[in-house]
2 protein chains.
Amino acid sequence: MSKEALPGLSLCNNAMLRRATRKIGQYYDDVLAPSGLKATQQGLLYQISIGNEPAMGAIAAALIMDLSALGHTLKPLIRDSYVETFADPADRRIKRVRLTPQGQVKLDEVMKLWRVAQQHFEEVVGKDRAQSLRAALEDVSALDFDLPPAA
Amino acid sequence: MSKEALPGLSLCNNAMLRRATRKIGQYYDDVLAPSGLKATQQGLLYQISIGNEPAMGAIAAALIMDLSALGHTLKPLIRDSYVETFADPADRRIKRVRLTPQGQVKLDEVMKLWRVAQQHFEEVVGKDRAQSLRAALEDVSALDFDLPPAA
DNA sequence: TTCAATTAGTGGCATATACCACTTTTAATG
DNA sequence: CATTAAAAGTGGTATATGCCACTAATTGAA
């Protein structure tokens with residue numbers, strides 16, 4: 001009873017999202033840990049692998065991530081030779097990204113762990129609940145939040 | 001058609017969560033920007049304000065956040081004199097946290113903006129959809145993901 | 001009471017992520 | 001064609017977060 005006298009943060013969409021991301025992120029990170037990659041890096045490598053030598057801007061857009069943030073996040077992966085970049089010959093403003101052979105090997109390795117994490121997650125959460133959660137997240141991610149006038 | 005030849009990341013619960021968090025986080029941050037606080041800081045100030053001079057560990061647990069991460073996150077708020085800490089007299093291992101008077105004023109200010117952000121969010125997403133999204137996030141955050149055996 | 005756990009935080013290090021100012025290229029326009 | 005505007009990244013700075021090793025304080029057991 002002493003708890004919940006005040007609304008708490010469970011009403012804030014953003015706070016709940018962050019909290020869940022910390023929780024789930026720790027879980028996926030734990031399972032992927034043997035690979036030496038974080039879940040964010042696994043996701044980034046995968047995103048690169050399914051693109052056709054994607055431009056940085058394209059990756060950032062797909063991940064709804066700031067372009068400069070992507071640049072920073074890419075650095076450890078370049079340093080560890082999992083990823084390399086090159087200027088687009090047709091437009092030298094554009095920098096394209098691809099996996100190195102080692103990066104492909106590492107991705108294969110980490111995806112095995114990802115499948116374990118993913119499957120166990122769906123066992124615990126339930127396949128349907130996980131599915132509808134992802135759908136809801138996809139939906140809100142696609143929405144257009146214009147700045148409210150009163151702000 | 002060229003798209004979606006491969007599953008993409010829309011199947012990964014963690015990736016979708018992160019992506020949505022970036023998107024929504026940017027929106028809330030934008031609306032709260034006039035206060036000079038990020039949405040994470042607003043959430044933290046609020047969490048402190050509804051507690052009874054909560055211990056750091058209690059805050060970290062409520063936010064499902066690493067204790068040391070909380071310590072780091074608290075630093076700018078202490079530096080700006082919105083928050084202060086003191087040792088629990090009964091157990092000097094425990095450090096308690098409270099808002100300063102300025103912190104209370106700043107919280108009142110940022111909560112006005114938060115209400116604007118929250119309301120507009122619910123207009124765009126729909127009150128019911130937002131509600132069920134938060135409930136789903138609450139649910140997964142409460143689950144216990146033991147490390148899967150194959151990992 | 002003494003000494004081995006356990007608990008609560010800290011500090012260092014690394015990644016994640018954003019914003020801003022700036023540079024380089026390209027595109028657009030008169 | 002010269003100038004201006006727009007597009008794509010980079011680097012710096014700051015917050016967000018996590019892990020690990022370490023310290024201090026308390027608890028528990030011999």
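Here is how names work: the chains are called A, B, and so on, in the same order as the sequence lines, proteins then strands, and each is numbered from 1. Here the structure is a predicted model, which is why all the values come from computation and not from measurement.
Distance alone, capped at 3.5 Å, is enough to place a donor-acceptor pair between the A:Asp29 side chain and the A:Ala39 backbone. Panel note: side chain B:Asp66, backbone B:Ser68; a donor-acceptor pair is recorded below 3.5 Å. With A:Arg19 contributing its side chain and A:Ala15 its backbone, the two residues share no donor-acceptor pair below 3.5 Å.
The separation between B:Ile59 atom CD1 and C:dA8 atom C1' is 13 Å, rounded to whole Å. Computed from coordinates, the A:Asp91 CG to D:dG9 C1' distance equals 11 Å when rounded to whole Å. Between the CD atom of A:Glu53 and the P atom of D:dA8 there is a distance of 18 Å, rounded to whole Å. Straight-line distance from the CG atom of B:Asp30 to the P atom of C:dC20: 9 Å, rounded to whole Å. Rounded to whole Å, the distance from CD on B:Gln26 to P on C:dC20 is 11 Å. Atom pair B:Asp88:CG and D:dA25:C1' shows a separation of 12 Å (rounding to whole Å applied). Atom CZ in B:Arg93 sits about 5 Å away from atom C1' in D:dA25, given to the nearest Å. Residue B:Leu70 contributes atom CG, which lies 10 Å from atom P of D:dG18 at whole-angstrom precision.
Between B:Asp29 and B:Ile94, the one whose closest nucleotide on DNA chain C sits nearer the 5' end is B:Ile94. Map A:Ile64 and B:Met56 each onto its nearest nucleotide of DNA chain C; the residue landing nearer the 5' end is B:Met56.
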Quick one: which protein N/O atoms are closer than 3.5 Å to N/O atoms of nucleotides 11-15 of chain C? Pair and distance per line, please.
from	atom 1	to	atom 2	distance (Å)
C:dG12	O6	B:His72	NE2	3.0
C:dT15	OP1	A:Arg79	NH1	3.2
C:dT15	OP1	A:Arg79	NH2	2.8

Stepwise salt bridge (Lys or Arg N to Asp or Glu O under 4.0 Å) test for B:Arg98 and B:Glu53: CA-CA 5 Å; B:Arg98 68 163 87 97; B:Glu53 300 186 335; 3.0 Å; yes
Residue pair B:Arg129, A:Asp139: steps toward the salt bridge (Lys or Arg N to Asp or Glu O under 4.0 Å) verdict: CA-CA 10 Å; B:Arg129 272 211 297 170; A:Asp139 284 354; 3.3 Å; yes
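To the nearest 0.5 Å, the span separating CG on B:Asp108 from OG on B:Ser35 amounts to 12.0 Å.
Between B:Arg92 and C:dA8, a side-chain N or O to OP1/OP2 separation shorter than 4.0 Å is absent.
Residues from residues 14-22 of chain B placing a heavy atom under 4.0 Å of any atom in DNA chain C, listed by number, are B:Arg18, B:Arg22.
Using a 4.0 Å heavy-atom distance criterion, B:Leu67 is classed as a base contact. If you check every strand for non-hydrogen atoms under 4.0 Å, A:Gly71 touches nothing.
Using bins of under 30°, 30° to 60° and over 60° for the plane-to-plane angle, the ring pair B:Phe145/A:His120 lands in the perpendicular bin.
The side chain of B:Ala69 sits closest to D:dT17 out of D:dT26, D:dA8, D:dT17.
Between A:Arg96 and A:Pro54, every side-chain heavy-atom pair lies at or beyond the 4.5 Å cut-off.
Results of the side-chain contact (heavy atoms from CB on, under 4.5 Å) test with A:Arg18 over B:Ile64, B:Thr40, B:Leu137, B:Leu63 single out B:Thr40 as the only residue that passes.
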